[in-house]
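Position 1 is the first residue of the sequence, and the numbers go up from there.
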Amino acid sequence: MAERLSADFVVIGSGIIGAITARKLLEQGASVIILEAGPRVNRGELVARFRNSPRKGDWMSPYPSVPWAPHPIYQPQSNDYLEQAGPHPYPAEYIRQVGGTTWHWAAQAWRVLPNDMRTQSLYGVGVDWPLNYEELEPFYQEAEDIMGVSGAPGTGSPRSAPFPMAPVAESWAMRRIRERLLPGGYEVMPNTTARNSRSYDGRPACCGNNSCQPICPIDAQYHGGIAAQNAESAGAKLIANAVVYRLEHDGQGRIVAAHYYDKHKKSYRVTANMFVLAANGIESPKLLLLSSSEKYPNGLANSSGMVGRHLMDHPSTSLVFDADEPLWPGRGPQSPSAINTLRDGAFRRDHAAYRIDVSNMSQVHAVTQTLIEEGIYGEQFAKQLRYRAAHQISIKNVLEVLPNPDNRIVLSTEKDSMGIPKPRVHYTIDDYTRQGAQASKRDFERIAALMGGTNLRFSEDGKFMNNQHITGTMRMGHDPAMSVVDRFGRTHDHENLFIVGTGVMPTSATCNSTQTGVALGLRTAHHILTNQINTVLPIASHTDSKDAS
């Protein structure tokens, strides 16, 4: 007899946002099934993969793509999973496995600024959010308490309570940079991070391994693997290697089932009373487009034509230079400090806002590669390696991007090994963001001068690094003609389909988007539990389910 595959809620995606949302939905006794396309992997395996990999500069090296649930890989060569349609490349990296992409994140857990949610009203650019900062603030606090966020006052984002923890101890390099930049008007402050500065929630304090990306070896920083484990411990049933390829609806447009393949391409049908899509800003719109039908020929939740549109991220340009004193970056976390005073202001009418992130990554690997490329060996190699690794500093901007409907995810004509169309991306970087990059270049020059910088190496003009903050492809809004979900994450077209994740964010702001996605997911779950839980429980008495292989 086939296993009964039914629950009150089905959550698609076991990343940090999906898993935390799922755990919240369990609070009033509902049953939850989490469907995850990728495999289970534990921290020990990942640490071993990184230790044994020759590609220490490749943060995806511990996370190989699996045939049944491929994700984008670019080193040593691209697997062409994410098809590039241009005109600007968008080499997104994300991980399809239990716990998702935050296994290898920098753990930056920023809140947006209140003004980030009102850029159209204040500056005439972007769009306003359908909710205000005060409505989201309690869920930011809840997210920080769950993840264990360390930070310092003065971020610009109002708070109802202190951070759960003080920042991780400041490294010598960051201290000296802070001291030398302050007289020049640049305040360097600790990043807010989901990283323990003391024992918290049964996990140890950061011990400064400087390998936060691609894997914290001791779980001092929170990640989706922990979130998924906690959801299971709370009662969720998590099915790994479950590649959802279609959502099924009834004649009234309600979603009635999720269909998934296991890794052998055997098909299963899972029923529920309510569905939560949490597969990320590329895989979630892909699934909605895949689920087209006679009633919804353009895909689910897409009567507006907005599914997949308004893709945003945070492009970066950078500067590497040699300071006039030995700083030895590489002790402590990789990305501990930033300059945040350029995140907001009247200038946003004319060009993008930005943060300036100060890297504390060890320079030994990068310098070694450069010296080999320069043909330097022997005694001179050792001398140069010691000098450059001690003096070399890297800074980058984190640039705001405006929502553009032509930046979008669509279905490719190419298919993966399961016969599922790959995602295809159209992406460009507009003048607003480029002008922000030019403004930041002037700040780079001033910062280098304050540090006695020499041998300045700016990134190539017109080329941008991608920060992997996938945002905006299923945005929320009041108007069903211009958005995919309402202010609580419910799709305008399907009363029992909710979407959580960074893809519902209407604008990108200048900060890493994960914590905002978690806060929005908690708010969605709270809304369901407060207003709709009586329509959900109990499913076992009124929903039939069967194996549909």
Side-chain angles (χ1 to χ4, degrees), residues 10 12-13 15 35-39 64-74 77-87 89-97 100-101 241-249 255 257-270 275 277-311 313 405-427 470 472-474 484 491 493-494 497 499 501 503 548-549:
V10 165
I12 300 165
L35 300 176
E36 168 55 51
S65 180
V66 296
W68 60 91
H71 54 240
I73 293 289
Y74 300 98
Q77 62 186 28
S78 174
N79 66 354
D80 297 322
Y81 174 66
L82 181 59
E83 183 185 350
Q84 301 290 330
Y90 181 68
E93 288 184 342
Y94 54 90
I95 301 167
R96 296 174 79 187
Q97 71 176 43
T101 305
N241 305 313
V243 184
V244 180
Y245 63 91
R246 182 167 70 91
L247 296 177
E248 176 189 343
H249 63 82
I255 308 304
H259 294 257
Y260 76 84
Y261 293 131
D262 67 15
K263 62 183 180 180
H264 305 295
K265 207 175 178 181
K266 182 179 180 181
S267 183
Y268 297 82
R269 180 175 183 267
V270 187
F275 293 79
L277 182 54
N280 86 17
I282 292 177
E283 295 297 321
S284 286
K286 186 187 84 169
L287 177 58
L288 294 172
L289 296 173
L290 282 170
S291 301
S292 60
S293 65
E294 184 175 347
K295 184 177 178 67
Y296 300 105
N298 297 318
L300 298 184
N302 199 26
S303 62
S304 62
M306 293 292 111
V307 167
R309 293 188 183 272
H310 306 107
L311 172 66
D313 208 297
D406 294 329
N407 286 354
R408 62 186 302 202
I409 299 296
V410 298
L411 298 179
S412 173
T413 56
E414 297 180 9
K415 297 183 178 181
D416 64 22
S417 64
M418 303 295 277
I420 299 171
K422 299 177 181 180
R424 188 171 195 252
V425 58
H426 297 260
Y427 196 66
I470 306 164
T473 51
M474 301 159 292
V484 177
T491 57
D493 297 349
H494 313 282
L497 175 61
I499 301 175
S549 61

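- Under the side-chain hydrogen bond (donor to acceptor under 3.5 Å, both in side chains) criterion, Glu93 pairs with no residue at all, not counting sequence neighbours.
- Every residue two or more places apart in sequence or in another chain was checked for a side-chain hydrogen bond (donor to acceptor under 3.5 Å, both in side chains) with Ser65, and none qualifies.
- Tyr261 places none of its side-chain heavy atoms less than 4.5 Å from the side chain of Trp68.
- Using a distance-only test at 3.5 Å, with no hydrogens or angles considered, no donor-acceptor pair links the side chain of Ser292 to the main chain of Asn298.
- Asp493 has its side chain out of reach of Leu300: every pair of non-hydrogen atoms, C-beta onward, lies at least 4.5 Å apart.
- The two atoms that bring Thr473 and Gly281 nearest to each other are OG1-O, 2.7 Å, heavy atoms only.
- When all heavy atoms are compared, the tightest approach of Tyr74 to Ala92 is OH-O, 3.0 Å.
- Within the structure, every pair that satisfies the salt bridge (charged side-chain N to carboxylate O under 4.0 Å, His left out) test and touches residues 283-292, not counting sequence neighbours, is listed here: Arg96-Glu283, Glu283-Lys286.
- Side-chain contact between Leu290 and Pro421 is present, with heavy atoms from C-beta onward closer than 4.5 Å.
- No donor-acceptor pair under 3.5 Å is formed between the side chain of Gln84 and the backbone N or O of Gly86.
- Here NE2 of His310 is found 13.5 Å from CD1 of Ile409. Values are rounded to the nearest 0.5 Å.
- Side-chain contact between Asn241 and Asp262 is absent, with no heavy atoms from C-beta onward closer than 4.5 Å.
- In plain terms, the two heavy atoms of Ser284 and Ala279 that are nearest each other are OG-N, 2.9 Å.
- Taking each heavy atom of Asn79 and Pro72 in turn, the nearest pair found is OD1-CA, 3.8 Å.
- Listed by chain and residue number, His249, His494 satisfy the ring-ring contact (aromatic ring centres under 6.0 Å, His included) test with Tyr296 (two or more places apart in sequence, or in another chain).
- Taking CG from Leu497 and CD1 from Ile255, the interatomic distance works out to 5.0 Å, rounded to the nearest 0.5 Å.
- Within the structure, every pair that satisfies the side-chain hydrogen bond (donor to acceptor under 3.5 Å, both in side chains) test and touches residues 410-424, not counting sequence neighbours, is listed here: Glu83-Ser412, Glu83-Arg424, Arg424-His426.
- Under the side-chain contact (heavy atoms from CB on, under 4.5 Å) criterion, Thr101 pairs with Tyr94, Ile95, His104, not counting sequence neighbours.
- Every residue two or more places apart in sequence or in another chain was checked for a side-chain hydrogen bond (donor to acceptor under 3.5 Å, both in side chains) with Arg309, and none qualifies.
- With sequence neighbours left out, Asp80 forms a side-chain contact (heavy atoms from CB on, under 4.5 Å) with Ser78.
- Taking both residues in full, the closest heavy atoms of Ala37 and Ala69 are given as O-CB, 3.4 Å, listed atom of the first, atom of the second, then distance.
- Taking the ring-ring contact (aromatic ring centres under 6.0 Å, His included) definition, one finds that Tyr90 meets it with Tyr427, sequence neighbours left out.
- Taken to the nearest 0.5 Å, the CG atom of Leu287 stands 5.5 Å off from the CG atom of Leu277.
- For Leu289, the side-chain contact (heavy atoms from CB on, under 4.5 Å) partners at least two apart in sequence or on another chain are Asn302, Val307, Leu411.
- For the atom pair CD1 (Ile499) and CG (Leu288), the distance works out to 5.0 Å, reported to the nearest 0.5 Å.
- With sequence neighbours excluded, the residues satisfying side-chain contact (heavy atoms from CB on, under 4.5 Å) with Ala242 are Leu35, Ile239, Tyr260.
- Residues Leu247 and Ser291 share a closest heavy-atom pair of N-OG, 2.9 Å.
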